[in-house]
There are 2 protein chains.
Amino acid sequence: MKLSTRTRYGVRLMAALALNYGQSPVFLKNIAKGENISEKYLSLIIIPLRRIGLVNSIRGAHGGYSLAKDPSQITMKEIVDVLEGDCSLVDCVKNPSTCPRVPICASHDIWAIIGGKISETLSSITLDMLVKMNQEKVGNAMMLNI
Amino acid sequence: MKLSTRTRYGVRLMAALALNYGQSPVFLKNIAKGENISEKYLSLIIIPLRRIGLVNSIRGAHGGYSLAKDPSQITMKEIVDVLEGDCSLVDCVKNPSTCPRVPICASHDIWAIIGGKISETLSSITLDMLVKMNQEKVGNAMMLNI
DNA sequence: TATCATTACTATCGATTTGATAGTAATTAA
DNA sequence: TTAATTACTATCAAATCGATAGTAATGATA
């Protein structure tokens, strides 16, 4: 039940964009440097985030990426859902037709309950909160490395 | 963040044992038949459950398995923890030393919060509850196939 | 004691997933 | 036209996963 590296990197990527919200677009190169993650890998991860409208991109020289919404309007659930597939613990919760046991299976119901809790928690945390937690944790020092 | 088949099977295995709690030990063969899961595979899954003292085993002819505790005293968290490794979403929550970013990383804290919610929820659900949910869902009919 | 049914353990395998890299195309400011 | 950037597609090695196979140990019973 571990999160993929893709999702973990994606969250850090979004946090980095949140830091620059309202300013000019950021080069992925710089985020990659600041977060010490391969730029190529990040460039794959950002695609679905752009596709669902969380990120805007500008191509060409002096292009870059920026958040499409205010960080207070973006939740962790949106990010996890798109990068992880969804945030349920078993496939049969999102796609009940994939398992014939669903109608007679109580553990399915358990996983649905727990998945609900996870969704609830993820929905309650915004990018904005993540950025603020970061500031409280390390001050403004680390913020400038982007 | 999907649960492994191992964990899902393990929960069903424990539920089957819970149905027979207080009676004579059950042959894995019969549980395997009732749940339509490979007996060999189940025999691997049950080992850690026995090691942490959730299950008792008797070897030899007329052997079998039985729950070591009352189903109301066994939580889903115990089962998931031993079969899944632990119930955190990232390694750095359980083993902070594995990641140098922990002291400066707010997303680590987010994952810890969510992991806490998951633990909490898993701890609140007992095997007993699972069995009762099953009975409510399908009545006693399905209960007899073990 | 011999037999048979059961649990216990170890090794292995094929398929899938994962994390990552590489190369090329498209776009655009200067 | 050039250089810098995003967009897309393909590929790869390693790890993980689900499952199977075979053998050893145990113990009831005939």
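Any value given below was found using the heavy atoms of this structure, including those in side chains, with hydrogens, waters and symmetry copies removed. Within every chain, numbering begins at 1; the chains are lettered A, B, ... in the order of the sequence lines, protein sequences first and strands thereafter.
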Visitor: Of Gly63(A) and Arg50(A), whose nearest nucleotide on DNA chain D comes first from the 5' end?
Guide: Gly63(A)
Visitor: Would you say Ser38(B) places a side-chain N or O within less than 4.0 Å of OP1 or OP2 belonging to dT20(D)?
Guide: yes
Visitor: Have a look at Leu28(B) and say if it touches a base, only the backbone sugar-phosphate, or nothing, with a 4.0 Å heavy-atom cut-off.
Guide: sugar-phosphate
Visitor: Give the rounded distance in Å between these two atoms: CG of Leu13(B) and C1' of dT7(C).
Guide: 13 Å
Visitor: Would you say a side-chain N or O of Thr5(A) is under 4.0 Å from OP1 or OP2 of dG19(C)?
Guide: yes
Visitor: Measure from CD on Glu39(B) to P on dT7(C) and round the result to the nearest Å.
Guide: 7 Å
Visitor: Does Arg59(B) get its side chain close enough to the base of dA25(D), under 3.5 Å, for a donor-acceptor pair?
Guide: yes
Visitor: Establish, with yes or no, whether the OP1 or OP2 oxygen of dC17(D) is under 4.0 angstrom from a side-chain nitrogen or oxygen of Tyr41(B).
Guide: no
Visitor: Using a 3.5 Å distance criterion without hydrogens, assess whether the side chain of Ser107(B) forms a donor-acceptor pair with backbone atoms of Ile110(B).
Guide: no
Visitor: Please check if Phe27(A) and Ile46(A) belong to a single hydrophobic cluster, counting links between Ile, Leu, Val, Met, Phe, Trp and Tyr side chain heavy atoms closer than 4.5 Å.
Guide: no
Visitor: Between P on dA8(C) and CG on Leu42(B), what's the gap in Å once rounded to a whole number?
Guide: 13 Å
Visitor: Both Gly60(B) and His62(A) contact DNA chain C. Which one's nearest nucleotide lies toward the 5' end?
Guide: Gly60(B)
Visitor: Is the distance from OP1 or OP2 of dA8(C) to the nearest side-chain N or O of Tyr65(B) less than 4.0 Å?
Guide: yes
Visitor: Have a look at Arg8(A) and say if it touches a base, only the backbone sugar-phosphate, or nothing, with a 4.0 Å heavy-atom cut-off.
Guide: nothing
Visitor: Given dT6(D), dA29(C), dA19(D), identify the nucleotide with an atom nearest to the side chain of Ala61(A).
Guide: dA29(C)
Visitor: Between Leu3(B) (CG) and dT16(D) (C1'), how many Å, whole number?
Guide: 15 Å
Visitor: Rounded to whole angstroms, how far apart are CD1 on Ile45(A) and C1' on dT18(C)?
Guide: 11 Å
Visitor: Check for a donor-acceptor pair, side chain of Lys29(A) on one end and backbone N or O of Glu39(A) on the other, with a separation under 3.5 Å.
Guide: no
Visitor: Apply side-chain contact (heavy atoms from CB on, under 4.5 Å) to Leu13(B) and Glu35(B), showing your working.
Guide: CA-CA 8 Å; Leu13(B) 170 59; Glu35(B) 293 290 326; over 6 Å; no
Visitor: Does the side chain of Arg51(A) get closer than 4.0 angstrom to OP1 or OP2 of dT6(D) through an N or O atom?
Guide: no
Visitor: So, is Lys29(A) close to the dA4(D) phosphate, meaning a side-chain N or O under 4.0 Å from OP1 or OP2?
Guide: no
Visitor: Identify whether any heavy atom of Ile46(A) sits under 4.0 Å from a base atom; if not, whether one sits that close to sugar-phosphate; answer base, sugar-phosphate or nothing.
Guide: nothing
Visitor: Tell me whether the side-chain N or O atoms of Lys40(B) pair up with the base of dG18(D) as donor and acceptor below 3.5 Å, since no angle test is needed here.
Guide: no
Visitor: Without swapping roles, check the side chain of Glu78(B) against the backbone of Leu54(B) for a donor-acceptor pair under 3.5 Å.
Guide: no
Visitor: Taking for each residue the nucleotide of DNA chain C with the nearest heavy atom, is it Leu44(A) or Ser57(B) whose nucleotide lies nearer the 5' end?
Guide: Ser57(B)
Visitor: May I have the distance from Arg6(B) (atom CZ) to dT20(D) (atom P), rounded to whole angstrom?
Guide: 16 Å
